[in-house]
Amino acid sequence: MLDLHHIFAMQKKALFFLLAVCALGWGFSPYDSIFAGIALGAFFGTYNFWILVRRMEKFDRSISEGTKVASIGTALRFGSGVAAVAIAISLPQYFHLISTVIGLMIPYVFLVIERIVHYTKSR
């Protein structure tokens, strides 16, 4: 589980960098709704990843204790993704819908990139 917490710490650092880039893009480019949508999606995507880390920790603990295995929390993560899209749909003047959906996937792209870097360093 320490590896998963390390990955989440790296995710948070990448999220803060991405949010800084989105803030600069929102403030200094004509594509403010696109950058706001990416930031909204990345925020909710990181929230989903945080939920996954917590649930995996509980799952690991219940397996090691031999108790009943709890769910991974798919419905909660799906619901927060729907909430991000609902915000983008209800406020289209502030958030671009497609960039919000792309932003939801950014933490998982960061995860794949981090695993590739880790794999190449370990070889």
Side-chain angles (χ1 to χ4, degrees):
M1 264 312 126
L2 278 178
D3 191 35
L4 193 57
H5 288 290
H6 173 72
I7 291 170
F8 183 65
M10 296 294 288
Q11 288 271 343
K12 286 192 300 188
K13 289 178 188 176
L15 174 73
F16 290 140
F17 179 74
L18 177 68
L19 289 178
V21 168
C22 285
L24 288 174
W26 177 75
F28 297 113
S29 78
Y31 306 110
D32 55 346
S33 67
I34 292 176
F35 284 106
I38 290 173
L40 177 71
F43 178 75
F44 274 94
T46 303
Y47 173 69
N48 284 343
F49 194 72
W50 175 69
I51 291 171
L52 184 64
V53 168
R54 278 190 23 222
R55 294 293 174 119
M56 288 302 294
E57 189 175 78
K58 286 181 184 179
F59 183 80
D60 187 39
R61 193 176 326 121
S62 66
I63 290 292
S64 65
E65 293 173 354
T67 60
K68 186 177 177 182
V69 178
S71 93
I72 304 290
T74 303
L76 187 60
R77 290 184 288 128
F78 183 75
S80 72
V82 169
V85 170
I87 290 171
I89 288 174
S90 65
L91 300 169
Q93 67 272 22
Y94 300 114
F95 301 106
H96 188 254
L97 177 63
I98 303 300
S99 63
T100 302
V101 172
I102 291 170
L104 279 169
M105 296 299 120
I106 285 177
Y108 301 103
V109 171
F110 285 163
L111 179 65
V112 169
I113 291 170
E114 196 273 332
R115 289 287 94 189
I116 291 170
V117 168
H118 177 73
Y119 179 74
T120 57
K121 282 184 179 180
S122 68
R123 283 187 126 204

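Note that the structure is a prediction, hence the values are computed from the model and not measured.
Looking only at side-chain heavy atoms (C-beta outward), Thr46 and Trp50 stay at 4.5 Å or farther from each other. Using a 4.5 Å heavy-atom cutoff, the side chains of Leu52 and Met56 are in contact.
Hydrophobic clustering, with ILVMFWY side chains joined whenever heavy atoms are under 4.5 angstrom apart, keeps Leu15 apart from Phe8. Linking Ile, Leu, Val, Met, Phe, Trp and Tyr whenever their side-chain heavy atoms come within less than 4.5 Å puts Ile89 and Phe44 in one cluster.
In this structure, Phe16 shares a hydrophobic cluster with no other residue, the cluster being traced through Ile, Leu, Val, Met, Phe, Trp and Tyr side chains under 4.5 angstrom apart. In this structure, Val21 belongs to a hydrophobic cluster whose other members, linked by side-chain heavy atoms under 4.5 Å apart, are Phe17.
Contact record, Ser99 with Ile34: OG-O, 3.1 Å, taken as the closest heavy-atom pair. Contact between Gly37 and Phe95 at its shortest, heavy atoms only, is N-CD2, 3.9 Å. Nearest heavy-atom pair, Thr100 versus Ala84, reported as atom, atom and distance to 0.1 Å: CG2-O, 3.8 Å.
Taken from CD in Gln11 to CG in Leu18, the straight-line distance is 10.5 Å, to the nearest 0.5 Å. Once rounded to the nearest 0.5 Å, the distance linking CD1 of Ile38 with CH2 of Trp26 reads 15.0 Å.
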What pairs of donor and acceptor atoms, side-chain ones from residues 101-119 against any protein atom, are under 3.5 angstrom apart with sequence neighbours left out?
residue : atom : partner : partner atom : Å
Tyr119  : OH   : Arg123  : NE           : 3.1
Tyr119  : OH   : Arg123  : NH2          : 3.4

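With sequence neighbours left out, Ser80 forms a side-chain hydrogen bond (donor to acceptor under 3.5 Å, both in side chains) with Asn48. In this structure Tyr94 satisfies the side-chain contact (heavy atoms from CB on, under 4.5 Å) test together with Leu91, sequence neighbours excluded. Every residue meeting the side-chain contact (heavy atoms from CB on, under 4.5 Å) condition with Ser29, not counting sequence neighbours, appears here in chain and number order: Tyr31, Phe35. Remark: Ser90 pairs with no residue by the side-chain contact (heavy atoms from CB on, under 4.5 Å) rule, at least two apart or across chains.
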Worked verdict on Arg55 versus Leu76 for side chain to side chain contact (heavy atoms under 4.5 Å, CB included): CA-CA 11 Å; Arg55 294 293 174 119; Leu76 187 60; 4.0 Å; yes
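Applying the 6.0 Å contact sphere to CZ of Phe49 captures more than 12 heavy atoms from other residues, nucleotides or ligands.
Legend: salt bridge (Lys or Arg N to Asp or Glu O under 4.0 Å) pairs involving residues 17-33, not counting sequence neighbours: none detected.
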